[in-house]
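The block underneath contains the structure these notes are about, expressed in structure tokens.
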Amino acid sequence: MAATSTESMADRRALLTEREREIVAGDADVSDSYRYQTISRVRKRFDQLDDDLDALEAHGDLIDELREVVCDGGD
């Protein structure tokens with residue numbers, strides 16, 4: 001799926017890129033080694049979540065919106 005001129009890569013991803021979703025879910029035809037490397041990169045992002053959550057909390061509304069999506073399964 002190509003990005004439109006007004007849609008950047010950051011607008012198309014949350015924690016995972018579309019390709020990472022395929023790889024982690026086992027839907028991509030990649031080697032086990034590459035799958036493990038991808039999972040490792042994702043895990044490293046988890047370490048950065050604390051800083052992201054602090055920034056979102058400082059904004060106020062954004063942390064509440066995130067809680068709705070994560071905790072209530074909102075789309």
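For clarity, every value in this text was computed on a predicted model and none was experimentally measured.
With hydrophobic clusters built from ILVMFWY side chains whose heavy atoms lie under 4.5 angstrom apart, Leu16 shares a cluster with Phe46.
Pairing each heavy atom of Glu20 with each of Thr38, the nearest pair is CG-CG2, 3.8 Å.
Screening residues 22-35 for salt bridge (charged side-chain N to carboxylate O under 4.0 Å, His left out) gives Arg19-Glu22, Asp32-Arg35 as the qualifying pairs, with residues at least two apart or on separate chains.
Grouping Ile, Leu, Val, Met, Phe, Trp and Tyr by side-chain contacts under 4.5 Å, direct or through others, puts Tyr34 with Ile23, Val30.
Residues satisfying the side chain to side chain contact (heavy atoms under 4.5 Å, CB included) test with Leu66, not counting sequence neighbours, are Leu53, Leu56, Ile63, Val70.
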